[in-house]
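Below, read A as the first sequence line, B as the second, and so on, with proteins coming before strands; counting in each chain starts at 1.
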Protein chains: 2
Amino acid sequence: MSIAHLVDDDEAIRDALSWLLRSRGISSESWDSAEAFLADYRDGMRGCLILDIRMGAISGPELFAQLRARGCRMPAIFLTGHGDVPQAVDAIKKGAFDFIEKPFNDNELADRVIAAMQADAELFSAAATTAGIEARLALLTTREREVMERVLAGKFNKVIADELNIAMRTVEVHRSRVFEKMGVRSAVDLAQILAQLAKPDQTSS
Amino acid sequence: MSIAHLVDDDEAIRDALSWLLRSRGISSESWDSAEAFLADYRDGMRGCLILDIRMGAISGPELFAQLRARGCRMPAIFLTGHGDVPQAVDAIKKGAFDFIEKPFNDNELADRVIAAMQADAELFSAAATTAGIEARLALLTTREREVMERVLAGKFNKVIADELNIAMRTVEVHRSRVFEKMGVRSAVDLAQILAQLAKPDQTSS
DNA sequence: TTCGCCCCTGCGGAAATCCACAATGGCGTC
DNA sequence: GACGCCATTGTGGATTTCCGCAGGGGCGAA
(Lines give C-alpha, C1' and ligand atoms only; values in the text may rest on other atoms or scores of the structure.)
Protein backbone atom coordinates (compact mmCIF):
# COMPACT_ATOMS: atom_id res chain seq x y z
CA MET A 1 0.00 0.00 0.00
CA SER A 2 1.40 3.33 -0.98
CA ILE A 3 0.28 6.37 0.92
CA ALA A 4 0.81 10.11 0.88
CA HIS A 5 3.07 11.34 3.66
CA LEU A 6 1.88 14.71 4.75
CA VAL A 7 4.14 17.02 6.73
CA ASP A 8 2.69 20.40 7.65
CA ASP A 9 2.56 22.32 10.86
CA ASP A 10 -0.89 23.67 10.12
CA GLU A 11 -3.53 21.28 11.37
CA ALA A 12 -6.22 22.80 9.15
CA ILE A 13 -4.17 22.07 6.06
CA ARG A 14 -3.40 18.55 7.19
CA ASP A 15 -7.05 17.84 7.78
CA ALA A 16 -8.17 19.39 4.52
CA LEU A 17 -5.58 17.51 2.54
CA SER A 18 -6.14 14.16 4.13
CA TRP A 19 -9.86 14.57 3.57
CA LEU A 20 -9.32 15.56 -0.03
CA LEU A 21 -7.04 12.64 -0.70
CA ARG A 22 -9.31 10.18 1.05
CA SER A 23 -12.15 11.33 -1.19
CA ARG A 24 -9.99 10.31 -4.15
CA GLY A 25 -9.15 6.98 -2.67
CA ILE A 26 -5.68 7.96 -1.56
CA SER A 27 -4.75 7.15 2.00
CA SER A 28 -2.43 9.45 3.87
CA GLU A 29 -0.63 9.88 7.11
CA SER A 30 0.24 13.20 8.72
CA TRP A 31 3.02 14.69 10.81
CA ASP A 32 3.09 18.14 12.31
CA SER A 33 6.83 18.71 11.93
CA ALA A 34 9.85 17.57 10.00
CA GLU A 35 11.36 16.22 13.21
CA ALA A 36 8.33 14.07 13.85
CA PHE A 37 8.46 12.66 10.37
CA LEU A 38 12.19 12.00 10.51
CA ALA A 39 11.64 10.07 13.72
CA ASP A 40 9.11 7.84 11.99
CA TYR A 41 10.91 7.57 8.68
CA ARG A 42 11.98 4.11 7.65
CA ASP A 43 13.84 2.99 4.59
CA GLY A 44 11.56 1.43 2.06
CA MET A 45 8.60 3.69 2.71
CA ARG A 46 6.43 3.91 -0.36
CA GLY A 47 4.19 6.60 -1.78
CA CYS A 48 4.90 10.29 -1.95
CA LEU A 49 5.73 13.26 0.23
CA ILE A 50 3.65 16.39 0.57
CA LEU A 51 5.74 18.93 2.39
CA ASP A 52 5.02 22.41 3.57
CA ILE A 53 7.78 24.89 2.81
CA ARG A 54 7.67 26.84 6.02
CA MET A 55 7.72 24.80 9.17
CA GLY A 56 9.33 25.03 12.56
CA ALA A 57 13.02 24.37 12.89
CA ILE A 58 13.38 22.25 9.75
CA SER A 59 11.83 23.52 6.55
CA GLY A 60 10.29 21.35 3.85
CA PRO A 61 13.24 21.64 1.48
CA GLU A 62 15.64 20.86 4.29
CA LEU A 63 13.62 17.84 5.29
CA PHE A 64 13.62 16.73 1.68
CA ALA A 65 17.38 17.12 1.46
CA GLN A 66 17.88 15.07 4.62
CA LEU A 67 15.60 12.34 3.37
CA ARG A 68 17.42 12.20 0.08
CA ALA A 69 20.68 11.94 1.95
CA ARG A 70 19.20 8.99 3.83
CA GLY A 71 18.36 7.28 0.58
CA CYS A 72 14.69 8.20 0.35
CA ARG A 73 13.56 8.49 -3.27
CA MET A 74 9.87 9.24 -2.74
CA PRO A 75 8.59 11.96 -5.06
CA ALA A 76 7.98 15.18 -3.11
CA ILE A 77 5.34 17.80 -3.69
CA PHE A 78 6.00 21.10 -1.96
CA LEU A 79 3.27 23.40 -0.77
CA THR A 80 3.93 27.06 -0.31
CA GLY A 81 1.78 29.93 0.81
CA HIS A 82 3.71 32.75 -0.75
CA GLY A 83 4.82 32.39 -4.31
CA ASP A 84 8.57 32.21 -3.97
CA VAL A 85 10.02 31.68 -7.44
CA PRO A 86 13.67 31.13 -6.44
CA GLN A 87 12.65 28.55 -3.90
CA ALA A 88 10.44 26.78 -6.42
CA VAL A 89 13.22 26.74 -9.00
CA ASP A 90 15.66 25.45 -6.46
CA ALA A 91 13.33 22.71 -5.28
CA ILE A 92 12.61 21.41 -8.75
CA LYS A 93 16.28 21.47 -9.66
CA LYS A 94 16.99 19.38 -6.60
CA GLY A 95 14.58 16.76 -7.73
CA ALA A 96 11.24 17.77 -6.25
CA PHE A 97 8.33 16.30 -8.11
CA ASP A 98 6.25 19.46 -7.94
CA PHE A 99 5.88 22.79 -6.25
CA ILE A 100 2.36 24.07 -5.66
CA GLU A 101 1.08 27.33 -4.28
CA LYS A 102 -1.60 27.61 -1.66
CA PRO A 103 -4.44 28.01 -2.02
CA PHE A 104 -4.39 25.08 -4.36
CA ASN A 105 -7.01 23.75 -6.66
CA ASP A 106 -8.30 20.48 -5.21
CA ASN A 107 -8.50 18.67 -8.51
CA GLU A 108 -5.09 19.70 -9.63
CA LEU A 109 -3.45 18.78 -6.38
CA ALA A 110 -5.10 15.38 -6.34
CA ASP A 111 -3.94 14.80 -9.89
CA ARG A 112 -0.39 15.73 -8.99
CA VAL A 113 -0.45 13.42 -6.01
CA ILE A 114 -1.68 10.59 -8.17
CA ALA A 115 1.05 11.32 -10.69
CA ALA A 116 3.60 11.30 -7.89
CA MET A 117 2.30 7.97 -6.69
CA GLN A 118 2.70 6.61 -10.14
CA ALA A 119 6.22 7.98 -10.39
CA ASP A 120 6.99 6.24 -7.13
CA ALA A 121 5.66 2.98 -8.49
CA GLU A 122 7.87 3.27 -11.53
CA LEU A 123 10.85 4.18 -9.42
CA PHE A 124 10.14 1.20 -7.24
CA SER A 125 10.01 -1.31 -10.01
CA ALA A 126 13.16 0.15 -11.53
CA ALA A 127 14.86 0.01 -8.15
CA ALA A 128 13.75 -3.59 -7.73
CA THR A 129 15.63 -4.68 -10.79
CA THR A 130 18.78 -2.74 -9.97
CA ALA A 131 18.61 -4.03 -6.42
CA GLY A 132 18.54 -7.53 -7.82
CA ILE A 133 21.60 -6.85 -9.89
CA GLU A 134 23.44 -5.36 -6.96
CA ALA A 135 22.50 -8.28 -4.78
CA ARG A 136 23.99 -10.69 -7.27
CA LEU A 137 27.03 -8.48 -7.60
CA ALA A 138 27.52 -8.73 -3.88
CA LEU A 139 27.73 -12.49 -4.12
CA LEU A 140 30.88 -12.33 -6.18
CA THR A 141 34.18 -13.06 -4.50
CA THR A 142 37.05 -10.60 -4.80
CA ARG A 143 38.80 -12.65 -7.40
CA GLU A 144 35.66 -13.03 -9.43
CA ARG A 145 35.18 -9.28 -9.44
CA GLU A 146 38.74 -8.76 -10.60
CA VAL A 147 38.20 -11.16 -13.44
CA MET A 148 34.84 -9.60 -14.29
CA GLU A 149 36.32 -6.14 -14.61
CA ARG A 150 38.83 -7.38 -17.11
CA VAL A 151 36.29 -9.38 -19.02
CA LEU A 152 34.21 -6.22 -19.33
CA ALA A 153 37.28 -4.44 -20.59
CA GLY A 154 37.19 -6.89 -23.48
CA LYS A 155 40.41 -8.65 -22.55
CA PHE A 156 41.18 -12.21 -23.52
CA ASN A 157 41.34 -14.83 -20.83
CA LYS A 158 45.00 -15.21 -21.65
CA VAL A 159 45.71 -11.56 -20.96
CA ILE A 160 43.67 -11.63 -17.77
CA ALA A 161 45.61 -14.67 -16.63
CA ASP A 162 48.87 -12.81 -17.18
CA GLU A 163 47.68 -9.72 -15.35
CA LEU A 164 46.54 -11.69 -12.34
CA ASN A 165 49.43 -14.15 -12.50
CA ILE A 166 47.18 -17.18 -12.56
CA ALA A 167 46.54 -19.94 -15.07
CA MET A 168 44.13 -19.39 -17.93
CA ARG A 169 42.06 -22.26 -16.65
CA THR A 170 41.50 -20.46 -13.39
CA VAL A 171 40.31 -17.40 -15.23
CA GLU A 172 37.85 -19.53 -17.13
CA VAL A 173 36.48 -20.93 -13.92
CA HIS A 174 36.03 -17.50 -12.37
CA ARG A 175 34.55 -16.19 -15.53
CA SER A 176 31.94 -18.87 -15.78
CA ARG A 177 31.13 -18.51 -12.09
CA VAL A 178 30.58 -14.78 -12.62
CA PHE A 179 28.18 -15.51 -15.46
CA GLU A 180 26.41 -18.07 -13.35
CA LYS A 181 26.04 -15.84 -10.32
CA MET A 182 24.96 -12.88 -12.39
CA GLY A 183 22.43 -14.95 -14.25
CA VAL A 184 23.73 -14.14 -17.70
CA ARG A 185 25.08 -16.33 -20.45
CA SER A 186 27.54 -14.07 -22.19
CA ALA A 187 29.87 -11.17 -21.55
CA VAL A 188 27.62 -9.03 -23.71
CA ASP A 189 24.64 -9.64 -21.46
CA LEU A 190 26.78 -8.82 -18.47
CA ALA A 191 27.88 -5.53 -19.98
CA GLN A 192 24.31 -4.62 -20.70
CA ILE A 193 22.82 -5.29 -17.31
CA LEU A 194 25.69 -3.46 -15.65
CA ALA A 195 25.21 -0.55 -18.03
CA GLN A 196 21.60 -0.15 -17.03
CA LEU A 197 22.64 -0.20 -13.41
CA ALA A 198 24.68 2.97 -13.85
CA LYS A 199 21.87 4.68 -15.66
CA PRO A 200 19.04 6.09 -13.52
CA ASP A 201 16.34 7.56 -15.74
CA GLN A 202 14.72 10.77 -14.76
CA THR A 203 10.93 11.13 -14.82
CA SER A 204 9.09 14.34 -14.10
CA SER A 205 5.65 15.93 -14.41
CA MET B 1 33.33 31.32 -29.46
CA SER B 2 30.31 30.83 -27.27
CA ILE B 3 28.00 33.74 -26.76
CA ALA B 4 24.81 34.56 -24.89
CA HIS B 5 21.76 34.73 -27.13
CA LEU B 6 19.44 37.35 -25.79
CA VAL B 7 15.79 37.40 -26.82
CA ASP B 8 13.66 40.13 -25.27
CA ASP B 9 11.20 42.61 -26.72
CA ASP B 10 12.30 45.32 -24.33
CA GLU B 11 15.21 47.25 -25.76
CA ALA B 12 16.18 48.64 -22.39
CA ILE B 13 16.59 45.16 -20.99
CA ARG B 14 18.56 43.99 -24.00
CA ASP B 15 20.92 46.92 -23.68
CA ALA B 16 21.34 46.56 -19.96
CA LEU B 17 22.02 42.86 -20.23
CA SER B 18 24.42 43.05 -23.08
CA TRP B 19 26.31 45.78 -21.25
CA LEU B 20 26.37 43.75 -18.06
CA LEU B 21 27.62 40.65 -19.83
CA ARG B 22 30.21 42.56 -21.78
CA SER B 23 31.56 43.95 -18.54
CA ARG B 24 32.10 40.35 -17.44
CA GLY B 25 33.78 39.40 -20.65
CA ILE B 26 30.79 37.59 -22.10
CA SER B 27 29.80 38.52 -25.60
CA SER B 28 26.16 38.46 -26.55
CA GLU B 29 23.83 38.95 -29.45
CA SER B 30 20.28 40.24 -29.20
CA TRP B 31 16.94 39.69 -30.90
CA ASP B 32 13.75 41.58 -30.25
CA SER B 33 11.39 38.66 -30.83
CA ALA B 34 11.23 34.90 -30.87
CA GLU B 35 10.44 35.01 -34.57
CA ALA B 36 13.57 37.00 -35.28
CA PHE B 37 15.69 34.54 -33.34
CA LEU B 38 14.13 31.52 -34.99
CA ALA B 39 14.92 33.02 -38.36
CA ASP B 40 18.58 33.34 -37.41
CA TYR B 41 18.83 30.07 -35.51
CA ARG B 42 21.27 27.55 -36.90
CA ASP B 43 22.06 24.09 -35.68
CA GLY B 44 25.31 23.98 -33.84
CA MET B 45 24.98 27.37 -32.22
CA ARG B 46 26.95 27.49 -28.99
CA GLY B 47 26.54 29.35 -25.74
CA CYS B 48 23.32 29.93 -23.85
CA LEU B 49 19.89 31.43 -24.22
CA ILE B 50 18.47 34.27 -22.18
CA LEU B 51 14.78 34.45 -22.90
CA ASP B 52 12.10 36.79 -21.72
CA ILE B 53 8.92 35.05 -20.67
CA ARG B 54 6.44 37.51 -22.10
CA MET B 55 7.04 38.49 -25.67
CA GLY B 56 4.91 39.14 -28.73
CA ALA B 57 3.32 36.23 -30.49
CA ILE B 58 5.73 33.57 -29.27
CA SER B 59 6.60 33.46 -25.58
CA GLY B 60 9.96 32.50 -24.15
CA PRO B 61 8.89 29.04 -23.09
CA GLU B 62 7.30 28.43 -26.46
CA LEU B 63 10.44 29.52 -28.22
CA PHE B 64 12.43 27.21 -25.99
CA ALA B 65 10.15 24.30 -26.81
CA GLN B 66 10.49 24.95 -30.53
CA LEU B 67 14.23 25.15 -30.29
CA ARG B 68 14.38 21.91 -28.36
CA ALA B 69 12.21 20.31 -31.01
CA ARG B 70 14.72 21.48 -33.57
CA GLY B 71 17.52 19.84 -31.69
CA CYS B 72 18.88 22.85 -29.85
CA ARG B 73 20.40 21.91 -26.50
CA MET B 74 21.67 25.29 -25.35
CA PRO B 75 20.98 25.94 -21.67
CA ALA B 76 18.20 28.52 -21.30
CA ILE B 77 17.79 31.13 -18.61
CA PHE B 78 14.33 32.63 -18.41
CA LEU B 79 13.65 36.12 -17.25
CA THR B 80 10.30 37.08 -15.86
CA GLY B 81 8.87 40.30 -14.53
CA HIS B 82 6.12 38.90 -12.38
CA GLY B 83 6.92 35.97 -10.16
CA ASP B 84 4.90 33.19 -11.68
CA VAL B 85 5.63 30.02 -9.72
CA PRO B 86 3.74 27.53 -11.92
CA GLN B 87 5.51 28.86 -14.98
CA ALA B 88 8.87 28.62 -13.27
CA VAL B 89 8.20 25.07 -12.14
CA ASP B 90 7.08 24.11 -15.59
CA ALA B 91 10.10 25.67 -17.25
CA ILE B 92 12.60 23.92 -15.00
CA LYS B 93 10.85 20.60 -15.41
CA LYS B 94 11.11 21.01 -19.14
CA GLY B 95 14.82 21.43 -18.90
CA ALA B 96 15.38 25.16 -18.48
CA PHE B 97 18.71 25.94 -16.88
CA ASP B 98 17.34 28.69 -14.68
CA PHE B 99 14.40 30.98 -14.10
CA ILE B 100 15.14 34.43 -12.77
CA GLU B 101 12.88 37.25 -11.69
CA LYS B 102 13.31 40.85 -12.77
CA PRO B 103 14.65 42.98 -11.38
CA PHE B 104 17.63 40.71 -11.12
CA ASN B 105 20.83 41.07 -9.20
CA ASP B 106 23.61 41.80 -11.68
CA ASN B 107 26.16 39.60 -10.01
CA GLU B 108 23.86 36.66 -9.66
CA LEU B 109 22.67 36.83 -13.20
CA ALA B 110 26.18 37.02 -14.55
CA ASP B 111 27.12 34.02 -12.44
CA ARG B 112 24.19 32.05 -13.75
CA VAL B 113 25.09 32.93 -17.31
CA ILE B 114 28.64 31.80 -16.75
CA ALA B 115 27.35 28.56 -15.24
CA ALA B 116 25.10 28.08 -18.25
CA MET B 117 28.03 28.63 -20.58
CA GLN B 118 29.95 26.01 -18.71
CA ALA B 119 27.03 23.59 -18.90
CA ASP B 120 26.94 24.18 -22.62
CA ALA B 121 30.61 23.40 -22.90
CA GLU B 122 30.13 20.12 -21.04
CA LEU B 123 27.13 19.26 -23.14
CA PHE B 124 29.15 19.98 -26.22
CA SER B 125 32.01 17.73 -25.38
CA ALA B 126 29.62 14.97 -24.39
CA ALA B 127 27.71 15.45 -27.61
CA ALA B 128 30.92 15.27 -29.58
CA THR B 129 31.60 11.75 -28.44
CA THR B 130 28.04 10.53 -28.94
CA ALA B 131 27.97 12.21 -32.33
CA GLY B 132 31.03 10.22 -33.25
CA ILE B 133 29.33 7.01 -32.27
CA GLU B 134 26.18 7.88 -34.15
CA ALA B 135 28.19 8.81 -37.19
CA ARG B 136 29.82 5.40 -37.20
CA LEU B 137 26.47 3.78 -36.61
CA ALA B 138 25.16 5.54 -39.68
CA LEU B 139 27.84 3.91 -41.80
CA LEU B 140 26.44 0.45 -41.14
CA THR B 141 24.39 -1.20 -43.84
CA THR B 142 20.94 -2.58 -43.06
CA ARG B 143 22.18 -6.11 -42.89
CA GLU B 144 25.03 -5.15 -40.62
CA ARG B 145 22.61 -3.48 -38.26
CA GLU B 146 20.42 -6.57 -38.18
CA VAL B 147 23.39 -8.69 -37.33
CA MET B 148 24.61 -6.22 -34.74
CA GLU B 149 21.29 -6.24 -32.91
CA ARG B 150 21.45 -9.99 -32.58
CA VAL B 151 25.06 -9.98 -31.55
CA LEU B 152 24.14 -7.52 -28.80
CA ALA B 153 21.37 -9.87 -27.79
CA GLY B 154 24.14 -12.38 -27.06
CA LYS B 155 23.15 -14.79 -29.78
CA PHE B 156 25.57 -17.17 -31.42
CA ASN B 157 26.48 -16.64 -35.04
CA LYS B 158 24.82 -19.91 -35.79
CA VAL B 159 21.50 -18.73 -34.36
CA ILE B 160 21.77 -15.42 -36.13
CA ALA B 161 22.41 -17.21 -39.38
CA ASP B 162 19.25 -19.25 -38.87
CA GLU B 163 17.17 -16.20 -38.03
CA LEU B 164 18.32 -14.30 -41.07
CA ASN B 165 18.37 -17.35 -43.32
CA ILE B 166 21.96 -16.82 -44.37
CA ALA B 167 25.13 -18.81 -43.98
CA MET B 168 27.16 -18.55 -40.80
CA ARG B 169 30.10 -17.32 -42.78
CA THR B 170 28.08 -14.36 -43.95
CA VAL B 171 27.16 -13.50 -40.39
CA GLU B 172 30.82 -13.60 -39.47
CA VAL B 173 31.62 -11.20 -42.27
CA HIS B 174 28.93 -8.74 -41.21
CA ARG B 175 29.93 -9.08 -37.63
CA SER B 176 33.53 -8.26 -38.24
CA ARG B 177 32.58 -5.38 -40.49
CA VAL B 178 30.41 -3.97 -37.72
CA PHE B 179 33.31 -4.15 -35.30
CA GLU B 180 35.58 -2.55 -37.83
CA LYS B 181 33.23 0.31 -38.64
CA MET B 182 32.41 0.93 -35.00
CA GLY B 183 36.05 0.93 -34.07
CA VAL B 184 35.76 -1.77 -31.41
CA ARG B 185 37.40 -5.12 -31.08
CA SER B 186 34.81 -7.14 -29.20
CA ALA B 187 31.08 -7.42 -28.71
CA VAL B 188 31.58 -6.29 -25.13
CA ASP B 189 33.15 -3.02 -26.24
CA LEU B 190 30.30 -2.51 -28.65
CA ALA B 191 27.70 -3.04 -25.94
CA GLN B 192 29.46 -0.54 -23.73
CA ILE B 193 29.77 2.29 -26.19
CA LEU B 194 26.17 1.84 -27.25
CA ALA B 195 25.09 1.84 -23.63
CA GLN B 196 26.70 5.20 -23.02
CA LEU B 197 24.97 6.53 -26.09
CA ALA B 198 21.54 5.86 -24.59
CA LYS B 199 22.53 7.55 -21.36
CA PRO B 200 22.50 11.37 -21.45
CA ASP B 201 23.72 12.70 -18.11
CA GLN B 202 21.83 15.53 -16.55
CA THR B 203 23.64 18.53 -15.17
CA SER B 204 22.00 21.45 -13.43
CA SER B 205 22.93 24.33 -11.20
C1' DT C 1 29.55 -0.70 -69.67
C1' DT C 2 32.75 -0.51 -66.07
C1' DC C 3 33.34 0.43 -61.29
C1' DG C 4 32.06 0.35 -56.56
C1' DC C 5 29.27 -1.24 -52.90
C1' DC C 6 26.48 -4.63 -50.80
C1' DC C 7 25.03 -9.28 -49.85
C1' DC C 8 26.02 -13.85 -50.17
C1' DT C 9 28.89 -18.36 -49.68
C1' DG C 10 32.61 -21.99 -49.13
C1' DC C 11 37.18 -23.78 -47.34
C1' DG C 12 40.40 -24.27 -43.92
C1' DG C 13 43.12 -23.06 -40.09
C1' DA C 14 44.50 -20.42 -35.82
C1' DA C 15 42.78 -18.80 -31.62
C1' DA C 16 39.45 -18.49 -27.92
C1' DT C 17 35.65 -20.00 -25.38
C1' DC C 18 32.96 -23.46 -22.87
C1' DC C 19 32.79 -27.37 -20.02
C1' DA C 20 32.98 -31.92 -17.59
C1' DC C 21 36.09 -34.52 -14.82
C1' DA C 22 39.56 -34.52 -11.42
C1' DA C 23 42.46 -32.57 -7.73
C1' DT C 24 45.28 -29.63 -4.21
C1' DG C 25 45.78 -26.26 -0.45
C1' DG C 26 44.22 -22.45 2.63
C1' DC C 27 40.92 -20.78 5.90
C1' DG C 28 37.18 -20.41 8.99
C1' DT C 29 33.22 -22.67 11.28
C1' DC C 30 30.76 -26.02 13.90
C1' DG D 1 38.63 -32.89 12.70
C1' DA D 2 34.99 -32.79 9.23
C1' DC D 3 32.77 -29.67 6.20
C1' DG D 4 32.20 -25.76 3.21
C1' DC D 5 33.90 -22.04 0.52
C1' DC D 6 37.49 -20.05 -2.11
C1' DA D 7 41.36 -19.99 -5.25
C1' DT D 8 44.05 -22.68 -7.94
C1' DT D 9 45.52 -25.93 -11.83
C1' DG D 10 45.49 -29.71 -15.36
C1' DT D 11 43.63 -32.69 -19.37
C1' DG D 12 41.02 -33.12 -23.21
C1' DG D 13 37.40 -32.31 -26.23
C1' DA D 14 33.30 -29.82 -28.25
C1' DT D 15 31.94 -25.42 -29.82
C1' DT D 16 32.63 -20.77 -31.41
C1' DT D 17 34.98 -17.01 -32.99
C1' DC D 18 38.20 -14.78 -36.08
C1' DC D 19 40.21 -14.30 -40.50
C1' DG D 20 42.49 -14.73 -45.06
C1' DC D 21 41.65 -16.48 -49.56
C1' DA D 22 38.45 -16.97 -53.30
C1' DG D 23 34.32 -16.19 -55.73
C1' DG D 24 29.23 -15.09 -57.50
C1' DG D 25 25.14 -12.01 -58.24
C1' DG D 26 22.54 -7.57 -57.90
C1' DC D 27 22.29 -2.64 -58.38
C1' DG D 28 23.16 2.16 -59.03
C1' DA D 29 26.41 5.79 -60.50
C1' DA D 30 29.75 7.62 -63.66
Side-chain angles (χ1 to χ4, degrees), chain A residues 129-198, chain B residues 129-198:
Chain A
T129 67
T130 63
I133 296 172
E134 280 169 349
R136 288 193 211 107
L137 220 43
L139 291 178
L140 299 180
T141 65
T142 307
R143 209 47 156 172
E144 285 163 353
R145 248 185 292 276
E146 289 173 343
V147 170
M148 186 181 74
E149 285 170 19
R150 290 165 173 79
V151 167
L152 289 178
K155 294 175 180 169
F156 290 137
N157 288 350
K158 190 205 289 192
V159 178
I160 299 175
D162 280 348
E163 283 187 18
L164 300 179
N165 284 312
I166 55 180
M168 237 185 70
R169 188 61 185 81
T170 312
V171 175
E172 290 173 26
V173 173
H174 287 315
R175 183 194 185 106
S176 81
R177 240 191 260 301
V178 168
F179 287 174
E180 187 192 339
K181 287 184 180 175
M182 298 304 290
V184 299
R185 287 180 58 260
S186 71
V188 180
D189 290 344
L190 222 197
Q192 295 196 323
I193 70 168
L194 290 192
Q196 93 172 90
L197 188 151
Chain B
T129 67
T130 64
I133 297 172
E134 279 169 348
R136 288 192 213 109
L137 220 42
L139 290 178
L140 299 181
T141 65
T142 307
R143 212 44 158 173
E144 285 164 354
R145 247 185 293 275
E146 289 173 342
V147 171
M148 186 182 74
E149 285 171 17
R150 290 165 173 77
V151 166
L152 289 177
K155 295 174 180 170
F156 288 138
N157 288 350
K158 190 204 289 192
V159 179
I160 300 176
D162 281 348
E163 284 187 17
L164 299 180
N165 283 314
I166 54 179
M168 239 185 68
R169 187 63 185 86
T170 311
V171 175
E172 290 173 23
V173 172
H174 287 315
R175 183 194 185 106
S176 83
R177 239 189 261 302
V178 168
F179 288 172
E180 187 192 339
K181 287 185 179 174
M182 298 303 293
V184 299
R185 284 181 59 261
S186 71
V188 180
D189 290 344
L190 222 198
Q192 295 196 323
I193 70 169
L194 290 193
Q196 94 173 87
L197 188 151

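With Arg145(A) contributing its side chain and Leu137(A) its backbone, the two residues share a donor-acceptor pair below 3.5 Å.
With the nearest nucleotide of DNA chain C identified for both Leu139(B) and Ala167(B), Leu139(B) has the one nearer the 5' end. Of the two residues contacting DNA chain C, namely Lys155(A) and Val173(A), the nearest-nucleotide position lying further toward the 5' end is that of Lys155(A).
The local environment of CZ in Arg185(A) is sparse, with at most 12 non-hydrogen atoms from other residues, nucleotides or ligands closer than 6.0 Å.
Thr141(B) is listed as a side-chain neighbour of Lys181(B), based on a closest heavy-atom distance under 4.5 Å.
To the nearest angstrom, P of dC6(D) lies 16 Å from CE of Met148(A). Rounded to an integer number of Å, the gap from CE of Met168(A) to C1' of dG12(D) is 13 Å. In this structure, Ile166(B) atom CD1 and dT9(C) atom C1' are separated by 10 Å, rounded to whole Å. Between Arg175(A) atom CZ and dT16(D) atom C1' there is a gap of 12 Å when expressed in whole angstrom units. Atom P of nucleotide dT17(D) and atom CG of Leu190(B) are separated by 15 Å, given to the nearest angstrom. Between the CD atom of Glu144(B) and the P atom of dC8(C) there is a distance of 10 Å, rounded to whole Å. Spacing between atom CG of Asp162(B) and atom P of dT16(D) amounts to 11 Å, rounded to whole angstrom units. To the nearest angstrom, C1' of dC8(C) lies 9 Å from CZ of Arg143(B).
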(request) Apply side-chain contact (heavy atoms from CB on, under 4.5 Å) to the pair Arg143(A) and Val173(A), showing each step before the final yes or no. (result) CA-CA 11 Å; Arg143(A) 209 47 156 172; Val173(A) 173; over 6 Å; no

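For the OP1/OP2 pair of dT17(D) and a distance below 4.0 Å, the side-chain nitrogens and oxygens of Asn157(B) include at least one atom meeting the criterion. For Thr141(A) and dA7(D), the shortest distance from a side-chain N or O to OP1 or OP2 is below 4.0 Å. Between dC7(C) and Thr170(B), no contact under 4.0 Å exists linking OP1 or OP2 to a side-chain N or O. Residue Lys158(B) places at least one side-chain N or O closer than 4.0 Å to OP1 or OP2 of dT16(D). Proximity of His174(A) to the phosphate of dT8(D): a side-chain N or O atom is located under 4.0 Å from OP1 or OP2.
A salt bridge between Arg175(B) and Glu172(B) is absent, with no side-chain N of the basic residue lying under 4.0 Å from a carboxylate O of the acidic one.
Judged by distance alone with a 3.5 Å cut-off, a donor-acceptor contact links the side chain of Glu172(A) to the base of dC19(C). In the interface, the side chain of Arg169(B) is not paired with the base of dG23(D) through any donor and acceptor atom under 3.5 Å apart.
Out of dC6(C), dT17(C), dC18(C), the shortest distance to the side chain of Phe179(A) is found at dC18(C).
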